[in-house]
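Have a look at the structure below, then the notes.
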There are 2 protein chains.
Amino acid sequence: MTAIKESSTIQQNKKTALELCPVTFTMEKIGGYWKPIIIYHLSTESKRYSELKKAIPAITEKVLIQHLKQLEADGLLIREAKTVVPPFVTYQLSESGKKLLPVIHAMATWAFEHQEKHINVASE
Amino acid sequence: MTAIKESSTIQQNKKTALELCPVTFTMEKIGGYWKPIIIYHLSTESKRYSELKKAIPAITEKVLIQHLKQLEADGLLIREAKTVVPPFVTYQLSESGKKLLPVIHAMATWAFEHQEKHINVASE
DNA sequence: ATTAATACATACTTTAGGGTAAGTACTTGT
DNA sequence: ACAAGTACTTACCCTAAAGTATGTATTAAT
């Protein structure tokens with residue numbers, strides 16, 4: 001999808017980090033500014049490609065599809081396509097994807113707590 | 001520290017994502033291949049700069065210091081410097097940093113579960 | 001014949017982050 | 001006089017990820 005130079009130092013280090021560090025592994029899966037947002041929109045119900053597009057207007061189609069393919073390849077979500085014209089494609093969270101929800105929720109909770117603190121400190 | 005072009009679309013989108021999405025906010029704080037590893041090394045005890053360097057040989061000094069400064073600025077860790085020569089500087093997790101540990105642990109747990117599944121699928 | 005609708009694909013550009021390499025300040029020991 | 005140790009700093013380069021813009025396939029409706 002995206003050309004990658006296996007030999008680059010950055011790739012070597014990434015690989016090392018992925019092997020050493022399960023946290024990095026998880027962040028790889030949900031990293032990228034839009035992935036958590038996509039997951040959020042799929043957290044309650046499956047959605048069509050075009051629905052996602054409408055729900056997240058700022059994302060470009062290239063990046064949306066790229067993330068969807070990656071999330072699918074990583075086993076976080078399931079793509080279902082009806083062979084009709086015009087196409088009808090839906091995306092939904094897989095079991096693995098659903099298991100990620102509490103993790104994501106914990107991250108969000110920490111964010112709110114931490115943000116509050118920072119605001120308090122800043123306004124002293 | 002690193003020059004940033006506020007006007008770029010990527011920065012605009014990042015800002016949007018940060019405002020919309022607390023998960024992105026959290027990932028910002030612990031993103032970068034080395035940050036979770038640094039946090040891990042500080043999870044049990046405070047460490048000197050040089051100890052961190054030895055503990056994570058693959059990281060360059062520039063990136064190490066850069067991440068440490070960022071983590072400090074984000075309120076995740078506390079720097080203490082004794083005014084002696086040669087310098088003696090230690091880093092330890094702040095309260096916010098410590099509160100992140102269970103979150104990080106949840107991410108790691110998910111990684112192990114998810115990795116296993118993928119291995120099983122791959123070896124069928 | 002052309003337009004509309006959907007779900008992509010692809011060539012090209014920009015940029016933020018990470019990597020390389022080298023230098024700095026300050027004092028103690030030789 | 002200078003080397004050693006510690007904790008940085010800075011100038012420059014490279015790459016992966018994100019953005020821009022445009023194109024494609026298929027069929028039904030007009």
Side-chain angles (χ1 to χ4, degrees), chain A residues 1-18 24 27-35 37-38 47-73 79-91, chain B residues 1-18 24 27-38 47-72 79-91:
Chain A
M1 192 142 298
T2 320
I4 284 177
K5 225 180 184 178
E6 293 289 343
S7 62
S8 72
T9 312
I10 195 166
Q11 279 307 321
Q12 293 302 320
N13 282 345
K14 194 170 171 178
K15 214 175 151 188
T16 308
L18 283 174
T24 302
M27 286 203 302
E28 263 281 303
K29 303 302 167 208
I30 58 174
Y33 306 148
W34 302 106
K35 276 193 196 168
I37 296 173
I38 292 171
K47 287 220 170 89
R48 292 183 68 176
Y49 175 83
S50 54
E51 288 177 308
L52 284 170
K53 214 171 67 180
K54 263 172 231 155
I56 316 171
I59 198 172
T60 64
E61 292 205 61
K62 184 207 155 199
V63 172
L64 176 56
I65 241 290
Q66 194 172 286
H67 283 342
L68 287 172
K69 295 287 170 198
Q70 228 164 81
L71 288 166
E72 192 196 356
R79 194 188 95 112
E80 272 175 296
K82 290 183 193 164
T83 52
V84 294
V85 168
F88 191 97
V89 177
T90 56
Y91 291 91
Chain B
M1 192 142 298
T2 321
I4 283 177
K5 226 179 182 179
E6 294 290 342
S7 62
S8 71
T9 313
I10 194 168
Q11 279 307 322
Q12 293 301 321
N13 282 345
K14 194 169 170 177
K15 213 175 152 188
T16 308
L18 284 174
T24 302
M27 286 202 303
E28 263 281 303
K29 303 302 169 207
I30 58 174
Y33 305 149
W34 302 107
K35 276 193 197 169
I37 296 173
I38 292 171
K47 287 222 170 87
R48 292 184 67 176
Y49 175 84
S50 54
E51 289 178 307
L52 284 171
K53 213 172 67 181
K54 263 171 232 156
I56 317 170
I59 198 172
T60 64
E61 293 206 61
K62 182 207 156 198
V63 172
L64 176 55
I65 241 291
Q66 195 172 285
H67 283 342
L68 287 172
K69 295 285 170 200
Q70 227 165 84
L71 288 166
E72 192 196 356
R79 194 188 95 113
E80 273 175 296
K82 291 184 193 163
T83 52
V84 293
V85 168
F88 191 98
V89 177
T90 57
Y91 291 92

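First the proteins, then the strands, lettered A, B, ... as listed; each starts at 1.
Across all strands, B/S8 comes closer than 4.0 Å only to sugar-phosphate atoms, never to a base (heavy-atom distances). When heavy atoms are screened at a 4.0 angstrom cut-off, A/K53 is found touching no nucleic acid atom at all. Among the atoms of the strands shown, base atoms are found under 4.0 Å from some heavy atom of B/E61. Counting non-hydrogen atoms under 4.0 angstrom, B/T9 reaches the backbone sugars and phosphates but no base.
Computed from coordinates, the B/Q12 CD to D/dA18 C1' distance equals 14 Å when rounded to whole Å. Atom-to-atom, NE2 of A/H67 to C1' of C/dA7 comes out at 17 Å; the value is rounded to the nearest Å. Atom pair B/Q66:CD and C/dG18:P shows a separation of 7 Å (rounding to whole Å applied). Rounded to whole Å, atom C1' of D/dA18 lies 13 Å from atom CG of A/L64. One interatomic measurement links the two molecules: NZ of B/K69 to P of D/dT10, which rounds to 11 Å at whole-angstrom precision. Nucleotide D/dA28 holds its P atom 17 Å from the CZ atom of A/F88, rounded to whole Å. With rounding to whole Å, B/W34 atom CH2 is found 6 Å from C/dG19 atom P. Atom CD1 of A/I65 is separated from atom P of D/dA17 by 17 Å (rounded to the nearest Å).
Distance check: B/I56 CD1 to B/E51 CD gives 11.5 Å after rounding to the nearest 0.5 Å. Distance check: B/Y33 OH to B/H67 NE2 gives 10.0 Å after rounding to the nearest 0.5 Å. Rounding to the nearest 0.5 angstrom, the gap separating the OG1 atom in B/T60 from the CH2 atom in B/W34 is 8.5 Å. A/Y91 OH to A/L68 CG: the interatomic distance, rounded to the nearest 0.5 Å, is 5.0 Å.
Listed nucleotides: C/dC8, D/dG19, C/dG19. Nearest to the side chain of B/K62: C/dG19. Counting only heavy atoms from C-beta on, B/I4 has its side chain closest to C/dG17 among C/dG17, C/dG18, C/dT15. Between D/dT20, C/dA7, D/dT10, one nucleotide has an atom nearer to the side chain of A/S50 than all others, and that is C/dA7. Taking every side-chain heavy atom of B/R48 into account, D/dT6 is the closest of D/dA16, C/dT20, D/dT6. Comparing C/dG17, C/dT15, D/dT27 by their closest approach to the side chain of A/V85 singles out D/dT27. The listed nucleotides are D/dG5, D/dC12, D/dA18; the one nearest the side chain of B/P86 is D/dG5. Nearest nucleotide to the A/V89 side chain, out of C/dT6, D/dA7, C/dC8: C/dC8.
Nearer the 5' end of DNA chain C, as judged by each residue's closest nucleotide, is the contact made by A/R79, out of A/R79 and B/P87. If A/K5 and A/G31 are placed on DNA chain D by their nearest nucleotide, the residue sitting closer to the 5' end is A/K5. Each of B/Y49 and A/E28 has a nearest nucleotide on DNA chain D; the 5'-most of these lies closest to B/Y49.
Phosphate proximity of D/dG19 to B/N13: present, with a side-chain N or O under 4.0 Å from OP1 or OP2. At the phosphate of D/dC8, OP1 or OP2 sits under 4.0 Å from a side-chain N or O atom of B/Y91. Within the structure, every side-chain polar atom (N or O) of B/K14 is placed at least 4.0 Å from both OP1 and OP2 of D/dA17.
Considering A/K29, A/Q70, A/M27, A/E28 as possible partners of A/K35, the one that fulfils the side-chain contact (heavy atoms from CB on, under 4.5 Å) test is A/Q70.
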Inset, instruction - Determine, stepwise, if the pair A/L64 / A/I38 fulfils side chain to side chain contact (heavy atoms under 4.5 Å, CB included). - result: CA-CA 8 Å; A/L64 176 56; A/I38 292 171; 3.9 Å; yes
